[in-house]
Each structure stands twice: as C-alpha cells, then as structure tokens.
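To start, the structure under review is shown below, and the notes come after it.
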Amino acid sequence: LALLMMVSALFAFASCDENPSDDKKENVEENKEEKKDDAELILGTWEAEIDYTEVMNSDSGLDEEMADYIKVEDFKFTVRATMNKDGTYKFVVTEESAKKALDNFKKAMVSGYKDYFADMAAEYDMTVEDFLAEMEVSSVEEFVDLFFGEEMMEVFTAEFNSEGIYKIEN
C-alpha cells in the first residue's frame, strides 16, 4: 500500500504544471466524465472461446483403450455472457459453436471406431460388417449417432448455460 501511494505521488508530482493549459483542463474534465466504475464496465455482452480439445483427448475425456484410437482435432465452443444493469446475467453456448464442436467430435469418433472395430473384428476372425451386425448397427456412423447424438451436446453445454444474479465485490 505504501509503495502504491509513493508511485501515485510520484506520478502526481511529475504531471504537475504551475500553469496548466486549457487543453489539459479539458482532458481532465473529459476523463472525469468517462470514468466508469466496475459495475458499469462489466455491462454488455461478452464472448469467450473455450477449448476442450486437450480434455477430450486426455484420459478424463476418453477411456484408456479408446484414447489410442480417437484423436479429437478441434473441440471448441463459444460462450456468450450477457451482464445486465439490473444485476442479472445469462451465459449461453452459441448454437453454431456447439454444432461445430459436436461435428468435429463425431468425425473423430467415426474415424477412431472404424479402426477399433477393424481390430476387434480381426481379433474374432470376423469382417467389420459382421462385427457391426452383431451390435445390431449397419455402419460405424450409425453406432456413433446412437451414443453421441445431439443429446450429448445438450448435456455438455448445460454445464455452461446458466442465468442468475451477479454481485460485484471488492
């Protein structure tokens, strides 16, 4: 605190002028009018991109066996935060970014499961088609859609979609 006061005083003395010009007086008045407090600065709509690619490729995102087969290239989504003057907020994952993230995830899953099912079919001396038939699906894409459809993204984005009341402190 003492250091902060010293630095403030140093700047105050360095900028002092015995006879300030009219321009400097106008700038001081403009700065007083433009100064906003924290509550005003946070108002509006803000966006942030959240990159979950590394998490999706880690052990926490996939089980250990599938991590060898599946590599998600791009799993990012955008969260839009709206901060209102009445103290309410709303966080929403944009639909476009959620769709893109899900599409990228599903592409990685299809690619990875094609390789996995080929290995599993070979292990049981079957064709991939026979292996898929045993699981009662006609294609890898159908299999992926069964487990990783739109509902999965809704569950995932629900963690970020929220609204409520905020309070600025300190």
Side-chain angles (χ1 to χ4, degrees), residues 1 4 33-170:
L1 185 58
L4 181 61
E33 289 175 18
E34 292 177 15
K35 186 168 173 84
K36 295 181 180 181
D37 64 12
D38 290 344
E40 293 172 314
L41 291 173
I42 199 170
L43 297 178
T45 300
W46 307 86
E47 286 189 353
E49 184 177 76
I50 299 176
D51 187 346
Y52 261 72
T53 306
E54 190 174 317
V55 172
M56 297 306 287
N57 287 317
S58 71
D59 290 339
S60 61
L62 297 168
D63 71 45
E64 197 172 306
E65 183 177 10
M66 292 311 299
D68 292 337
Y69 291 93
I70 298 169
K71 298 294 179 221
V72 180
E73 294 297 321
D74 182 16
F75 194 82
K76 300 174 189 166
F77 52 94
T78 302
V79 176
R80 183 173 294 134
T82 303
M83 310 302 279
N84 300 307
K85 193 171 189 170
D86 66 357
T88 59
Y89 72 88
K90 185 173 186 175
F91 294 163
V92 178
V93 174
T94 65
E95 190 174 323
E96 313 84 57
S97 69
K99 182 179 178 347
K100 184 178 178 185
L102 179 60
D103 288 347
N104 290 340
F105 180 71
K106 287 172 74 172
K107 284 178 192 172
M109 297 301 280
V110 167
S111 176
Y113 272 107
K114 281 183 179 180
D115 293 341
Y116 177 73
F117 290 155
D119 288 351
M120 292 301 293
E123 188 176 313
Y124 290 102
D125 198 27
M126 303 170 76
T127 66
V128 173
E129 291 76 21
D130 290 340
F131 188 80
L132 291 170
E134 287 290 320
M135 293 189 305
E136 299 179 6
V137 294
S138 60
S139 68
V140 176
E141 291 81 3
E142 181 184 352
F143 174 82
V144 169
D145 282 339
L146 285 173
F147 295 98
F148 305 103
E150 299 292 328
E151 300 83 29
M152 183 196 118
M153 188 53 68
E154 288 174 16
V155 168
F156 188 80
T157 58
E159 294 291 320
F160 295 96
N161 292 342
S162 65
E163 53 187 289
I165 297 171
Y166 70 89
K167 184 176 180 182
I168 296 179
E169 295 180 346
N170 298 327

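Relative ring orientation between Tyr166 and Tyr89 is described as tilted, the plane-to-plane angle lying within the 30° to 60° band. Aromatic ring orientation, Phe131 versus Tyr124: parallel (interplanar angle below 30°, classes split at 30° and 60°). Under the 30°/60° scheme for interplanar angles, the aromatic rings of Tyr116 and Tyr113 are found to stand perpendicular. The aromatic rings of Phe147 and Phe143 are tilted relative to each other, their planes meeting at an angle between 30° and 60°.
Taken to the nearest 0.5 Å, the CD atom of Glu141 stands 12.0 Å off from the CG atom of Leu146. For the atom pair CG (Asp68) and CE (Met66), the distance works out to 9.0 Å, reported to the nearest 0.5 Å. To the nearest 0.5 Å, atom NZ of residue Lys106 and atom OG of residue Ser111 are 15.0 Å apart. Atom CG of residue Asp86 and atom CG of residue Leu43 lie 9.5 Å apart, to the nearest 0.5 angstrom. Interatomic distance, Asp74 CG to Met56 CE, rounded to the nearest 0.5 Å: 12.0 Å. Summarising the geometry, atom CG belonging to Asn104 is positioned 10.0 Å from atom NZ belonging to Lys99; distances are rounded to the nearest 0.5 Å.
Across Val55 and Ser58, no two heavy atoms sit closer than the pair O-OG, 2.7 Å. Closest approach of Thr53 and Glu73 over heavy atoms only: CG2-O, 3.6 Å. Trp46 and Leu41 make their closest contact through CZ2-O, 3.4 Å (heavy atoms, listed as atom of the first residue, atom of the second, distance). Here the closest heavy-atom approach between residue Val79 and residue Phe91 is recorded as CG1-CB, 4.2 Å. The shortest heavy-atom contact between Asn161 and Val92 is OD1-CA, 3.2 Å. Between Thr157 and Ala98, the shortest heavy-atom contact is CG2-CB, 4.2 Å.
Between Asp119 and Glu123, the closest side-chain pair of non-hydrogen atoms is not below 4.5 Å. Using a 4.5 Å heavy-atom threshold, the side chains of Met135 and Leu132 count as touching.
Among Arg80, Glu163, Met83, the one residue that satisfies the side chain to side chain contact (heavy atoms under 4.5 Å, CB included) test with Lys90 is Glu163.
The environment of CD in Glu47 is crowded: more than 12 heavy-atom neighbours from other residues, nucleotides or ligands sit within 6.0 Å. For CD of Glu134, the number of neighbouring non-hydrogen atoms (other residues, nucleotides, ligands) closer than 6.0 Å is 12 at most. For CD of Glu54, the number of neighbouring non-hydrogen atoms (other residues, nucleotides, ligands) closer than 6.0 Å is 12 at most. Under a cut-off of 6.0 angstrom, the local environment of CD1 in Ile165 is sparse, with at most 12 non-hydrogen atoms contributed by other residues, nucleotides or ligands.
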| message | Does Val155 form a side chain to side chain contact (heavy atoms under 4.5 Å, CB included) with Glu151? I'd like the steps, not just the answer. | response | CA-CA 6 Å; Val155 168; Glu151 300 83 29; 5.5 Å; no
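Using a 4.0 Å cut-off between a side-chain N of Lys or Arg and a carboxylate O of Asp or Glu, Asp103 and Lys107 do not qualify as a salt bridge.
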